[in-house]
Amino acid sequence: MRGWMLGLALLASAGAQGYTVQPGDTFWELAQRYGVAVAALQAANPGELRAGQVLQLPGAAPRASADDAPVPAATVFQRGQAVYYGGRRDARTVMTAAHLSLPMGTWVRVVHQRSGRSVDVLINDRGPFGIPSRIIDLSDDAARVLGILSEGIAPVTLTILSRP
């Protein structure tokens, strides 16, 4: 789980009517979080998930989880450059990244310092290697959300959202 801060964001976003899709969300994750069947969620919201889309949550009530341990207020963990690569697949999300030292399964918010865009990624690989100023390798999907596909490299800050 991404931690109690994400839980609060989901509660605030869900309301009685729906939930605003965030980059990296999956039907499975949202169905688990709100205690509904994936099929019911997909039936109420045909098509693919798109960031910014408002999902209808049929009879949903957010669930608390034992995994949702409090984490300290968000502070910048690291500053440097982000690059991107194909990424390692993960069943939970396409928003993945490689980091040299963070534990696998850590959720990190990456903020592009020039544009202010951000994306939450799951650390599931090791890298980048060779150039110390490069602190994170993003999957192509995460790089697209940040808008760095044409740049190739971008100044970013990393904030840890949750650790495994």
Side-chain angles (χ1 to χ4, degrees), residues 1-15 18-30 32-34 48-55 62 64-65 67-164:
M1 293 290 171
R2 296 182 194 182
W4 73 277
M5 290 175 69
L6 177 63
L8 290 176
L10 288 173
L11 283 169
S13 300
Y19 165 76
T20 302
V21 176
Q22 302 299 309
D25 282 342
T26 65
F27 276 119
W28 183 87
E29 177 185 65
L30 294 172
Q32 293 297 308
R33 176 69 49 120
Y34 288 96
E48 294 184 19
L49 291 179
R50 292 178 318 279
Q53 168 187 5
V54 177
L55 290 183
S65 168
D67 294 336
D68 291 341
V71 294
T75 58
V76 172
F77 167 73
Q78 196 172 19
R79 294 178 194 276
Q81 296 175 326
V83 293
Y84 64 92
Y85 72 125
R88 178 173 282 184
R89 294 235 179 250
D90 192 283
R92 295 168 281 186
T93 182
V94 296
M95 301 301 173
T96 60
H99 192 274
L100 286 173
S101 61
L102 286 171
M104 300 292 185
T106 300
W107 282 94
V108 177
R109 176 159 296 142
V110 182
V111 179
H112 189 304
Q113 290 184 328
R114 286 193 297 261
S115 71
R117 289 184 179 182
S118 68
V119 64
D120 296 348
V121 296
L122 176 68
I123 303 298
N124 72 343
D125 201 358
R126 291 288 171 229
F129 301 102
I131 300 175
S133 62
R134 295 182 182 179
I135 59 171
I136 195 162
D137 268 338
L138 301 170
S139 67
D140 290 338
D141 292 304
R144 187 172 294 109
V145 169
L146 281 185
I148 68 169
L149 288 178
S150 61
E151 294 177 62
I153 189 167
V156 296
T157 58
L158 306 183
T159 304
I160 296 172
L161 299 176
S162 72
R163 294 179 186 260

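Remark: Pro132 engages no residue in a side-chain contact (heavy atoms from CB on, under 4.5 Å) (not counting sequence neighbours). Contacts of Asp141 classified as side chain to side chain donor-acceptor pair (under 3.5 Å), with partners at least two apart in sequence or in another chain: Arg144. For Arg126, there are no salt bridge (charged side-chain N to carboxylate O under 4.0 Å, His left out) partners two or more places apart in sequence or in a different chain. For Arg114, the side chain to side chain donor-acceptor pair (under 3.5 Å) test picks out Glu151, with sequence neighbours left out. For Val119, the side-chain contact (heavy atoms from CB on, under 4.5 Å) test picks out Pro23, Met95, Val110, Val121, Ala142, Val145, Leu146, with sequence neighbours left out.
Counting heavy atoms from C-beta outward, Val111 and Arg117 have side chains that stay 4.5 Å or more apart. Using a 4.5 Å cut-off on side-chain heavy atoms (C-beta onward), Leu102 and Arg163 make contact. In this structure the side chain of Leu158 never reaches within 4.5 angstrom of the side chain of Arg109, judged on heavy atoms.
Scanning both residues, Leu138 and Ala97, for their nearest heavy atoms gives CD2-CB, 4.0 Å. When all heavy atoms of Pro164 and Pro103 are compared, the closest pair comes out as CG-CB, 4.0 Å. Taking both residues in full, the closest heavy atoms of Asp120 and Trp107 are given as O-CZ3, 4.0 Å, listed atom of the first, atom of the second, then distance.
One finds the CZ atom of Arg88 at 9.5 Å from the OG1 atom of Thr96 (value rounded to the nearest 0.5 Å). With rounding to the nearest 0.5 Å, the separation of CD1 in Ile123 from CG in Leu100 is 10.0 Å.
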In a table with atom names and distances, give each donor-acceptor pair under 3.5 Å that connects a side chain of residues 76-86 to protein atoms at least two apart or in another chain.
| unit_1 | atom_1 | unit_2 | atom_2 | d |
| --- | --- | --- | --- | --- |
| Gln78 | OE1 | His99 | NE2 | 2.7 |
| Gln81 | OE1 | Ser133 | OG | 2.9 |
| Tyr84 | OH | Leu149 | O | 3.0 |
| Tyr85 | OH | Asp125 | OD2 | 2.9 |

Does the side chain to side chain contact (heavy atoms under 4.5 Å, CB included) test come out yes or no for Val108 and Thr159, once each step is laid out?
CA-CA 6 Å; Val108 177; Thr159 304; 5.9 Å; no

Between Leu122 and Arg92, does a side chain to side chain contact (heavy atoms under 4.5 Å, CB included) hold up when you go through it step by step?
CA-CA 9 Å; Leu122 176 68; Arg92 295 168 281 186; 3.4 Å; yes

